[in-house]
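First comes the structure, then the notes that go with it.
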There are 2 protein chains.
Amino acid sequence: MSPLSSYTAASLKAELNARGWRMTPQREKILHVFQNLPKGNHLSAEELHNLLERRGESISLSTIYRSVKLMARMGILRELELAEGHKHYEVNQPYPHHHHHLVCIQCNKTLEFNNDSILKHSLKQCEKEGFQLIDCQLTVMAICPEALRMGWPSGLPSNWSCSRSISQSEPLEQEEE
Amino acid sequence: MSPLSSYTAASLKAELNARGWRMTPQREKILHVFQNLPKGNHLSAEELHNLLERRGESISLSTIYRSVKLMARMGILRELELAEGHKHYEVNQPYPHHHHHLVCIQCNKTLEFNNDSILKHSLKQCEKEGFQLIDCQLTVMAICPEALRMGWPSGLPSNWSCSRSISQSEPLEQEEE
DNA sequence: GTAGTTTTTGCGATTAATTATCAATTAACT
DNA sequence: AGTTAATTGATAATTAATCGCAAAAACTAC
Ligand SMILES: [Mn+2]
Ligand SMILES: [Mn+2]
Ligand SMILES: [Zn+2]
Ligand SMILES: [Zn+2]
């Protein structure tokens, strides 16, 4: 099984067993949900729990938490810290399907984008320091067009109002000494 | 006050008052701690609280939480999601002092590194989507040399063991169709 | 500087996400 | 089929962070 291909129920079982762990219907269902999740979607433990509940394939919340954590540690899922106070998960698609996230800190709208050079820079830094790269996540915190149209930052109810954010017209070419 | 310079107690007060908010000894003390924090250090709310406690300048934990959140929203501090289950803060040094983080997911050792092109890529993506950039954080999750020497992943007690992490010898040049 | 107004603080209580405990169940191996 | 150890589900516990409120303090205008 190539590290660039997707997990199947069979390959998940194989990897679990190789570590002395077990395949279960719960783990298979969870894998299935993530494999069929439309591109650009992310699920929190709670959301995954509700989704399965609605489908009549209920799994206890404890098991949900345990499973996504395990699958993240195995490299099957990616654990994301977006801007909502809880973790989100998605299938971990290694290079070249690796992507990053643009998040509106006002409304939590999240867009994905591909950029291979970020992985390249991360690898370079790892090599320089003798680390072994596992994953890299660029999170771009920004304000979406909708929030801008609504008058961000002044026209907003006790929310973000950054007055010294990095200017979009800042010079960006030269290296600092 | 240039957006590229550091905040002083006076400029903090000016910015607070401009928004109808108030300067307090608590906020001044917290600013002072971050301004004198050695490069590469980050503080959680709890750690900041303890640090001030030890110096005999005790501030209630509620106020600590409120203050760092406020100063992050003002753009004075940067709110970091590293690998420890709680937020860390550092002074927000805009370009060209902007930096990113290489984190060992095994021991939480954190190294900083500069890389202007990441900010450039983030800006490009923001412009493409019509967003206004506030901050961007590349978090590189990896295994440090120490953990590797200890035999990661097999020689580790019920911890991370990614078998399909992005290989360091993967081809990285071509674009996907 | 004093008074008035509004924000801020400190305390305790509260929420929300996640983890721990443990008996009952079940997957894997022989 | 029987043995063994991992896993589940239910519940309790933990932890980071927020909330409500009365007292204290900062700004503003006299
Ligand atoms: Mn994604
Ligand atoms: Mn830093
Ligand atoms: Zn938005
Ligand atoms: Zn380490």
Side-chain angles (χ1 to χ4, degrees), chain A residues 9-10 12-31 42-50 52-53 56-74 77 79-89 108 157-161, chain B residues 9-10 12-31 42-50 52-53 56-74 77 79-89 108 157-161:
Chain A
L12 172 58
K13 172 165 163 46
E15 280 229 20
L16 285 168
N17 291 349
R19 299 163 193 246
W21 299 335
R22 297 176 183 176
M23 185 56 151
T24 65
Q26 290 86 347
R27 288 170 182 177
E28 184 169 349
K29 281 177 198 165
I30 291 170
L31 175 65
H42 310 106
L43 291 177
S44 68
E46 206 79 39
E47 289 164 343
L48 175 55
H49 184 243
N50 293 340
L52 285 163
E53 199 96 281
E57 303 197 303
S58 180
I59 296 176
S60 83
L61 193 51
S62 297
T63 298
I64 298 279
Y65 272 107
R66 278 184 298 230
S67 300
V68 292
K69 182 69 74 184
L70 174 76
M71 291 166 81
R73 286 186 174 159
M74 291 178 72
L77 299 182
E79 194 173 60
L80 302 173
E81 293 281 1
L82 301 176
E84 295 173 60
H86 52 251
K87 296 189 175 72
H88 282 83
Y89 296 85
N108 291 330
S158 73
N159 242 312
W160 190 286
S161 56
Chain B
L12 173 58
K13 173 165 165 41
E15 280 230 18
L16 285 168
N17 290 350
R19 297 163 193 248
W21 300 335
R22 296 174 184 178
M23 183 58 150
T24 66
Q26 289 88 346
R27 289 170 181 178
E28 184 168 349
K29 281 176 195 165
I30 290 171
L31 175 66
H42 311 107
L43 292 177
S44 68
E46 206 79 39
E47 289 164 345
L48 175 56
H49 185 243
N50 294 340
L52 286 163
E53 200 96 279
E57 304 197 304
S58 180
I59 297 176
S60 84
L61 192 53
S62 294
T63 298
I64 299 277
Y65 272 108
R66 280 183 296 229
S67 300
V68 292
K69 182 68 75 184
L70 174 75
M71 291 166 82
R73 286 184 175 161
M74 291 178 70
L77 299 181
E79 195 173 59
L80 302 173
E81 293 281 2
L82 301 175
E84 294 172 62
H86 52 253
K87 295 188 176 73
H88 282 82
Y89 295 86
N108 290 330
S158 73
N159 240 311
W160 190 285
S161 57

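We name chains A, B, ... by the order of the sequence lines, and we start the count at 1 in each one.
When rounded to the nearest whole Å, the span between CG of A:N17 and P of C:dT30 equals 12 Å. Between B:H49 atom NE2 and D:dT15 atom P the separation is 17 Å, expressed in whole Å. The distance from atom CE of A:M74 to atom P of D:dA6 is 15 Å, rounded to the nearest whole Å. In this structure, B:L43 atom CG and D:dA17 atom P are separated by 13 Å, rounded to whole Å. In this structure, CD of A:E47 is placed 10 Å from P of C:dA17, rounded to the nearest angstrom. Distance B:M23 CE to C:dT6 P: 23 Å, rounded to the nearest Å. One atom, CH2 of B:W21, and another, P of D:dC27, lie 14 Å apart when rounded to the nearest Å. What separates CD1 of B:I64 from C1' of D:dT18 is a distance of 15 Å, to the nearest Å.
For A:S67 against A:I30, the heavy-atom pair with the smallest separation is CB-CD1, 3.5 Å. Taking both residues in full, the closest heavy atoms of B:M74 and B:L16 are given as SD-CD2, 3.7 Å, listed atom of the first, atom of the second, then distance. Closest heavy-atom contact between B:L12 and B:R27: CD2-O, 4.2 Å. When all heavy atoms of B:S44 and B:H88 are compared, the closest pair comes out as N-CD2, 3.6 Å.
Ionic pairing of B:E28 and B:K13 is not present here: no N-O contact between side-chain nitrogen and carboxylate oxygen is shorter than 4.0 angstrom.
With rounding to the nearest 0.5 angstrom, the CG atom of A:N17 is 10.5 Å from the CD atom of A:E15. Atom CG of B:L77 sits about 9.0 Å away from atom CG of B:L70, to the nearest 0.5 Å.
A donor and an acceptor atom sit less than 3.5 Å apart, one in the side chain of B:R22 and one in the base of C:dT6.
Across the interface with DNA chain C, nearest-nucleotide mapping of B:S60 and B:G20 shows B:G20 to be the residue nearer the 5′ end. Each of B:T24 and A:I59 was assigned the nucleotide of DNA chain D with the nearest heavy atom; the assignment lying further toward the 5' end belongs to A:I59.
Within the 4.0 Å cut-off from OP1 or OP2 of D:dA25, not a single side-chain nitrogen or oxygen of B:Q26 is found. At the phosphate of C:dA28, OP1 or OP2 sits under 4.0 Å from a side-chain N or O atom of A:K13.
Inter-axis angle, ends of the helix from C:dG1-D:dC30 to C:dT30-D:dA1, five pairs per end, rounded to 10 degrees: 50°.
A:H49 places a side-chain N or O within donor-acceptor distance of the main-chain N or O of A:I59, the cut-off being under 3.5 Å.
With sequence neighbours excluded, the residues forming a ring pair (Phe, Tyr, Trp, His ring centres under 6.0 Å) with A:H42 are A:H101, listed by chain and number.
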Between the protein and nucleotides 19-21 of chain C, which nitrogen or oxygen pairs are less than 3.5 angstrom apart?
{"from": "C:dA20", "atom 1": "N6", "to": "A:S62", "atom 2": "OG", "distance (Å)": "3.3"}

